[in-house]
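One structure below.
Just so we're on the same page: letters track the sequence lines, and every chain starts at 1.
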Amino acid sequence: MEHNEYIPKPAKLISIKEEVGGARAIKTFRTQFIDEHSFSHQCGQCAMLSVFGKGEAMISISSSPLQKDYHQFSILKTGRVTSALHEMVEGDTIGIRGPYGNHFPIDEWKGKNLVFIGGGIGLAPIWSVLQTALGKKEDYGELTLFYGSRTSKDQVFREELKELKKKMTVHLSVDVEEPGWQEFVGFVPANIKDKAPNPENTITVTCGPPIMIKFAILALQEFGFKDEQLYTTVENKMKCGIGKCGRCNIGPHYVCKDGPVYSWAELKNLPQEY
Amino acid sequence: MEKILTKQTFPQWIEKLKSYTIYAPVKDEGHWSYEILEDAASISPEYPNAVESPKKIIFPQREILFDFGSQENTGVAVNENLPAEQPTVIFGVRPCDAKALTLTDKVFSGDFEDPYYWKRRNAAVLVGLACNTPPSPNCFCLSVNGSPFSKEGLDVLLTDLGDAYFVEVLTEKGEQLVGAAGNLFSDTPDKTKSEVKKLRTEAEKKITRQVKDADRIPAKLKEIFDEPFWEDEALGCIRCGICTYLCPTCHCFDINDEVASNSPLKGKRVRTWDNCQFPDFTMHSSGHNPRPDKASRLRQRISHKYNYFVELYNEYQCTGCGRCIDKCPVGIDIIEVLNKVNEYGA
Ligand SMILES: Cc1cc2nc3c(=O)[nH]c(=O)nc-3n(C[C@H](O)[C@H](O)[C@H](O)COP(=O)(O)OP(=O)(O)OC[C@H]3O[C@@H](n4cnc5c(N)ncnc54)[C@H](O)[C@@H]3O)c2cc1C
Ligand code: FES
């Protein structure tokens, strides 16, 4: 039988964890394929998740490729498919196809310092590359994370972040003052300016809302970071994931195939349609 | 191989093709459309062009990708719904529409071959009909490397000689089709060739609409990306999407689930044509829209066809059929837009 990329493979939800409650709820799902599969991903790639009867949504794979027992996805409840996912319980079946897209060139980054910059749910696409770099810590220089959320209640991976502080530098921030908050108050770009990262031999990875990405990159440029040192991910609406349905393009680039990972050197030359 | 088939014997050829599903242009309430031919006698390739190109036969407006339903062990069972490989002949394909399929071929191949498209595409034999007279006053195939007698993408090309067809057999698929009724076809008299050449020259002269210096357009489109030009051009657009629905090269689609029953779960995943002229096409769930207005969507339609596709495949994604001009309710005319692009700022 010939290959049919549109057919999702059934997978079980083996664990579901609530990260953030309320109107902008986020849950982290771990999945295992039910049948044999050849799904093998790289850092930064995404998968098309199906809730049968509701449709599909493109989601970053937040687990590291080094993690072989499951795949992990952290999902913001925002519409039809993601709300249905939030209703599901452990043991339920979803469909997965992929992995799709390009990936962070982490092999090229060996020997360099890595600065990760995430806002809100944007920590999800970073998590895979961050965990991979941590897993091979000897290959990289200093590792730093900037992570901002609206309030402390909006943080994803709260417990993991506490653990992370033992292993690398972590700069957290919340948008507005709140009782008991010891760390930075303000937007992520302001936190970057406050900590003044050194551009020498350093790569940065920024993921989050488009407005945060824009100002984070401006802040980094002020410190002398070059376009080639600035990486980010782009999220355009997707349906097929394989460069055919025609909606995710930025100029001649299909983000589902040629992205979602871009260096600023590439992205700045593309039309601003993201 | 070149042959002659008289119009009188034409229906006998069709009769011999019983193992094929046959599509031909049929006139219904004043509109021509490709339909499955029930009766050989009703075939009449003397028609302008169909409202919709034969793209819809290979890539239908709505198709079921798979069925799904509850199942005990795995939770959900998925049943792939690939089309049958039914040999199909499409008669009366105009050269612009045949060329258009060679362009959608590029999109549906590559790293991920689209099995739904290719099942139908591989099983289809395209019998073209040269345009002795341009079917539309807005035909402009000559501006985009096409011609009213182009053979590109066709398996057989027929040229109307009055009481007979000049038959050019172009591929193996075409040979099989003609071979099915070999005795009906006779050899070509010497004079036919020059007769066809004359018809071609006359046909080309009848095409009056023209995109000037089309090869300069890709670079020019890049240059004027941010210009207010697009707002002016898109002003009249009512977002009906007819330009892309009728375009023989447009391929954008949507994928959605249709549910027949929730418990037990039973439904279908369905692919339908979609349209870059609609606001939802690119709107994120957050409400953010990278192409938020008519101007950016018109720019996308034109830039995809005359810049991005050229960059990806070194061809225009437009074959000059003129449908988007013929049918636009507010008179947006791609030829005019392109000519203005070229002149912009000059
Ligand atoms: C590369 C990439 C990576 C991403 N990574 C993540 C991630 O890690 N975590 C995360 O949370 N998000 C991520 N996203 C965003 C995520 O894909 C979207 O939030 C998600 O697709 C929203 O789906 P939805 O069905 O819930 O939203 P909706 O806005 O409801 O719908 C999406 C689609 O369903 C259709 N639809 C919705 N409702 C209806 C209806 N009533 N009738 C008919 N059609 C309807 C819409 O037209 C649309 O086509 C990523 C996106 C991209 C592109
Ligand atoms: S999601 Fe369909 S082309 Fe990218």
Side-chain angles (χ1 to χ4, degrees), chain A residues 1-13 34-35 48 50-57 76-83 91-95 100 209-211 234-257 269 271-274, chain B residues 65-66 68-71 73-80 82 107-108 110-119 222 225-226 250-259 262 265-267 269 271 274 276 280-286 288-291 296 299-300 303-304 307-312:
Chain A
M1 206 174 67
E2 76 238 80
H3 179 72
N4 186 343
E5 190 57 38
Y6 296 98
I7 307 281
K9 300 249 181 323
K12 282 244 180 290
L13 299 176
I34 292 170
D35 306 318
M48 203 49 125
S50 279
V51 177
F52 295 99
K54 299 294 179 187
E56 292 185 298
L76 172 74
K77 177 176 167 177
T78 171
R80 196 155 61 142
V81 176
T82 52
S83 299
D92 279 352
T93 303
I94 62 164
Y100 295 128
I211 188 83
V234 173
E235 293 185 2
N236 268 359
K237 183 169 173 180
M238 296 184 181
K239 282 285 179 168
C240 71
I242 54 176
K244 315 239 182 269
C245 79
R247 79 195 56 237
C248 71
N249 75 298
I250 311 180
H253 274 240
Y254 285 104
V255 177
C256 62
K257 244 175 56 183
N269 290 321
Q272 279 225 5
E273 289 195 340
Y274 47 88
Chain B
L65 299 178
F66 57 82
F68 53 80
S70 305
Q71 180 179 284
N73 297 325
T74 54
V76 179
V78 170
N79 289 308
E80 163 182 74
L82 284 175
V107 174
F108 288 109
D111 294 344
F112 298 100
E113 297 245 316
D114 191 294
Y116 300 88
Y117 179 90
W118 285 107
K119 284 273 183 210
K222 263 180 242 173
F225 191 88
D226 292 317
C250 278
H251 59 79
C252 290
F253 59 81
D254 198 358
I255 301 176
N256 281 298
D257 284 5
E258 290 178 6
V259 177
N262 274 311
L265 179 66
K266 220 170 132 37
R269 183 152 296 163
R271 152 156 100 182
D274 205 349
C276 64
D280 315 10
F281 187 67
T282 48
M283 184 146 72
H284 297 190
S285 298
S286 63
H288 169 69
N289 196 344
R291 290 198 279 269
S296 55
R299 180 178 64 195
Q300 163 66 15
S303 298
H304 189 197
N307 177 11
Y308 311 150
F309 205 86
V310 179
E311 188 160 333
L312 291 171

Interface moiety of F112(B) toward chain A, non-hydrogen atoms closer than 4.5 Å: both
Heavy-atom donor-acceptor pair, H3(A) side chain to P115(B) backbone, under 3.5 Å: no
Of the backbone (N, CA, C, O) and the side chain (C-beta and beyond), which part of Y116(B) lies under 4.5 Å from a heavy atom of chain A, both, or neither? side chain
Heavy-atom proximity to chain A below 4.5 Å, by part of F108(B): both
Based on non-hydrogen pairs under 4.5 Å, which of G79(A), P210(A), P8(A), P10(A) is most in contact with chain B? P8(A)
Does any heavy atom of chain B fall under 4.5 Å from the side chain of K12(A), the backbone, both, or neither of them? side chain
Hydrogens and angles aside, do Q300(B) and N249(A) bring a side-chain donor and acceptor to less than 3.5 Å of each other? yes
Among the listed options S285(B), G267(B), S303(B), the residue most often paired with chain A at heavy-atom distances under 4.5 Å: S285(B)
If you count heavy-atom pairs under 4.5 Å with chain A, which of D114(B), N256(B), D274(B), L65(B) comes out on top? D114(B)
Option in V259(B), V107(B), N289(B) with maximal non-hydrogen atom pairs under 4.5 Å from chain A: V107(B)
Side chains of M48(A) and I255(B): closer than 4.5 Å at any heavy-atom pair? no
From CE (M238(A)) to OG1 (T282(B)), nearest 0.5 Å: 12.5 Å
Ignoring hydrogens and angles, tell me if any N or O in the side chain of R247(A) forms a donor-acceptor pair with the backbone of F253(B) under 3.5 Å. yes
Nearest heavy-atom contact between K237(A) and F281(B) is CD-O, 3.8 Å
Might you point out which heavy atoms bring F52(A) and L265(B) nearest each other, and give the distance in Å? O-CD2, 3.7 Å
Counting only N and O atoms by type, is there a donor-acceptor contact under 3.5 Å from the side chain of K257(A) to the main-chain atoms of D111(B)? no
Chain B contact via K54(A) - side chain, backbone, both or neither, heavy atoms under 4.5 Å: backbone
Top contributor to chain B contacts, counting heavy-atom pairs under 4.5 Å, from I250(A), T82(A), I242(A), T78(A): I242(A)
Of the backbone (N, CA, C, O) and the side chain (C-beta and beyond), which part of C240(A) lies under 4.5 Å from a heavy atom of chain B, both, or neither? both
So P271(A) and Y308(B), do their side chains get closer than 4.5 Å, heavy atoms only? yes
Side-chain (K239(A)) to main-chain (C252(B)) donor-acceptor, under 3.5 angstrom: no
Option in G246(A), G95(A), S50(A), G53(A) with maximal non-hydrogen atom pairs under 4.5 Å from chain B: G53(A)
Face-on cation placement of R271(B) at Y6(A) ring, 6.0 Å and 45° thresholds: yes
Between P290(B) and N236(A), the two heavy atoms sitting closest are CG-OD1, 3.7 Å
Which one wins on heavy-atom pair count under 4.5 Å against chain A: R269(B), H304(B), K266(B), K222(B)? R269(B)
Selection from K119(B), E258(B), E113(B) maximising heavy-atom pairs under 4.5 Å formed with chain A: K119(B)
Given that the side chain runs from C-beta out, which part of I34(A) has a heavy atom under 4.5 Å from chain B: side chain, backbone, both or neither? side chain
